[in-house]
Amino acid sequence: MRLFVTGGAGFIGSNYVRWVLSHTDDTLVVYDLLTYAGNRDNLRDLEDDRRLAFVKGDVCDRDGVAVAMAGCDAVVHFAAESHVDRSIVSPDAFVRTNCDGTNVVCDTARQLELDNVVCISTDEVYGSIEEGSFTEADRLAPRSPYSASKAGADLIALAYWETHGLPVTITRSSNNFGPYQHPEKVIPLFTTNLLDGLSAPLYGDGGNVRDWCHVEDNCAAIDLVLRQGLPGEIYNIGGGNELANRDLAARLLALCGRDDSFIQPVADRPGHDRRYSVDTAKIQKLGWRPVREMDEALAATVAWYRDNRWWWEPLKRALP
């Protein structure tokens, strides 16, 4: 199978490319605009693999997408603006890339009669939940420009299934972590700050709860949905590792050899969702289970950032 992977030079996308190359015989076309979150260095170790082709392009460019997608069998659509804080300041880019881009990808796949389109979404489209877990049938209640644009993208993709019969599936994962995650995100931000002897900025009272899923587990789930998921269906993906942000910070302090004095409380973010949680029974019926244990995976992630300053230091210098 030949896969068209949008956003394949980003965090989850590049890890997915690595997963496919190491677990299948498929070939891939990575299509990425290389904005600040897309980085050719994420694929540096794969440059000599003949099964991988890279095309620089914008998912909102119909002609560019059509040329690059031609000859592919399926799409895995990662390309997105994905940082809540940035969406609060600059929402236009999120609506353009996440909504318009998804429309272009789906419509092009329809015209080329591709066999499958997997759209990568987020648990944030459900909004916050105090108790229990969201199922795929729950209503969408996004509370930030980022999550609203992703909810819009989901509805656009599903409309192509309902209207045109385009075989679309959607995955909604909890927070991911692992290697090659941009240092604006909480785990790499805290880790790289602490490694450099800087403070870690903790929003509000630190009581916001997230379920953490190692990126390799998410990639395995996405690939399973690609190959065995049913068209028109949505699949939640979660690691089953719920932690309050203050507890996550405590684990990172210990792994980096720092004490509580390195935590810097900062004003909470507007519209900050208190807790995310998704029910994963549906994808578990396909045979998926997370295999990375949280403490082991978090320690391995910190070790990766400790050993790969060449990768993250330039990105930190470019942060606003």
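Keep in mind that this is a model prediction, so the values were computed, not measured.
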- I would like to know whether Arg274 and Asp205 meet salt bridge (charged side-chain N to carboxylate O under 4.0 Å, His left out); could you show each step before the answer? CA-CA 11 Å; Arg274 191 64 172 177; Asp205 64 359; 3.0 Å; yes

- Go through the steps to decide whether Asp26 and Arg227 satisfy the test salt bridge (charged side-chain N to carboxylate O under 4.0 Å, His left out), and finish with yes or no. CA-CA 12 Å; Asp26 294 344; Arg227 299 170 202 281; 2.7 Å; yes

Is there a donor-acceptor contact under 3.5 Å from the side chain of [X] to the main chain of [Y]?
X      : Y      : value
Asp196 : Leu198 : no
Ser174 : Asp211 : yes
Trp212 : Leu243 : no
His164 : Tyr160 : no
Asn236 : Ile283 : no
Tyr235 : Leu230 : yes
Asn193 : Phe190 : no
Asn98  : Arg96  : no
Arg18  : Glu216 : no
Ser87  : Val84  : yes

More than 12 heavy atoms of other groups within 6.0 Å of [X] [atom1]:
X      : atom1 : result
Glu113 : CD    : no
Asp260 : CG    : no
Asp307 : CG    : yes
Glu296 : CD    : yes

Exercise answer: donor-acceptor pairs, residues 3-17 side-chain atoms, under 3.5 Å, sequence neighbours excluded:
| residue | atom | partner | partner atom | Å |
| --- | --- | --- | --- | --- |
| Thr6 | OG1 | His77 | ND1 | 2.7 |
| Thr6 | OG1 | Phe78 | N | 3.0 |
| Thr6 | OG1 | Ala79 | N | 3.1 |
| Ser14 | OG | Gly10 | O | 2.6 |
| Ser14 | OG | Phe11 | O | 3.1 |
| Asn15 | ND2 | Phe11 | O | 2.9 |
| Asn15 | ND2 | Pro179 | O | 3.1 |
| Tyr16 | OH | Asp223 | OD1 | 2.7 |

- Task: Run the numbers on Arg172 and Asp154 for salt bridge (charged side-chain N to carboxylate O under 4.0 Å, His left out), then give the verdict.
- Result: CA-CA 10 Å; Arg172 292 175 178 160; Asp154 288 3; 2.9 Å; yes

- Do the numbers put Arg86 on top of the ring of Tyr36, so that NZ or CZ is under 6.0 Å from the six-membered ring centre and no more than 45° off the axis?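 Flagged: Arg86 positioned over aromatic ring of Tyr36.
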
Under the side chain to side chain contact (heavy atoms under 4.5 Å, CB included) rule, collect the residues that match up with [X], sequence neighbours excluded.
X      : result
Leu158 : Ile170, Ile234
Thr171 : Val118, Ile120, Ile222, Val225, Ile237
Pro142 : Leu140, Ser147, Ala148, Ala151
Thr122 : Glu124, Val125, Tyr146, Lys150

- Message: Working note: Lys56 + Arg40, criterion side-chain contact (heavy atoms from CB on, under 4.5 Å); need CA distance, chi angles, decisive distance, verdict.
- Response: CA-CA 10 Å; Lys56 183 178 180 180; Arg40 284 299 299 268; over 6 Å; no

- Message: Between Asp123 and Arg210, does any side-chain N to carboxylate O distance fall below 4.0 Å?
- Response: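 Answer for the salt bridge query: no.
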
- Can you name the nearest heavy-atom pair linking His182 to Ala37, along with the distance? CD2-CA, 4.2 Å

- Query: Which heavy atom of Phe134 sits nearest a heavy atom of Ser128, and at what distance?
  - Reply: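 Closest approach of Phe134 to Ser128, heavy atoms only: CZ-O, 3.7 Å.
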
- Note on the structure: For residues 62-74, the side chain to side chain donor-acceptor pair (under 3.5 Å) pairs (sequence neighbours left out) are Arg62-Asp107

- For Asp217 and Arg292, what are the C-alpha separation, side-chain angles and deciding distance, and is it a salt bridge (charged side-chain N to carboxylate O under 4.0 Å, His left out)? CA-CA 7 Å; Asp217 283 328; Arg292 297 298 296 269; over 6 Å; no

- Query: Among the clusters formed by ILVMFWY side chains lying less than 4.5 Å apart, do Val29 and Leu21 turn up in the same one?
  - Reply: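 Val29 does not cluster with Leu21.
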
- Message: If hydrophobic clusters are built by linking Ile, Leu, Val, Met, Phe, Trp and Tyr wherever their side-chain heavy atoms come under 4.5 Å apart, do Trp304 and Leu315 end up in the same one?
- Response: yes

- Message: Is it true that Ser149 and Glu81 share a donor-acceptor pair across their side chains at a distance under 3.5 Å?
- Response: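 No, no side-chain donor-acceptor pair sits under 3.5 Å.
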
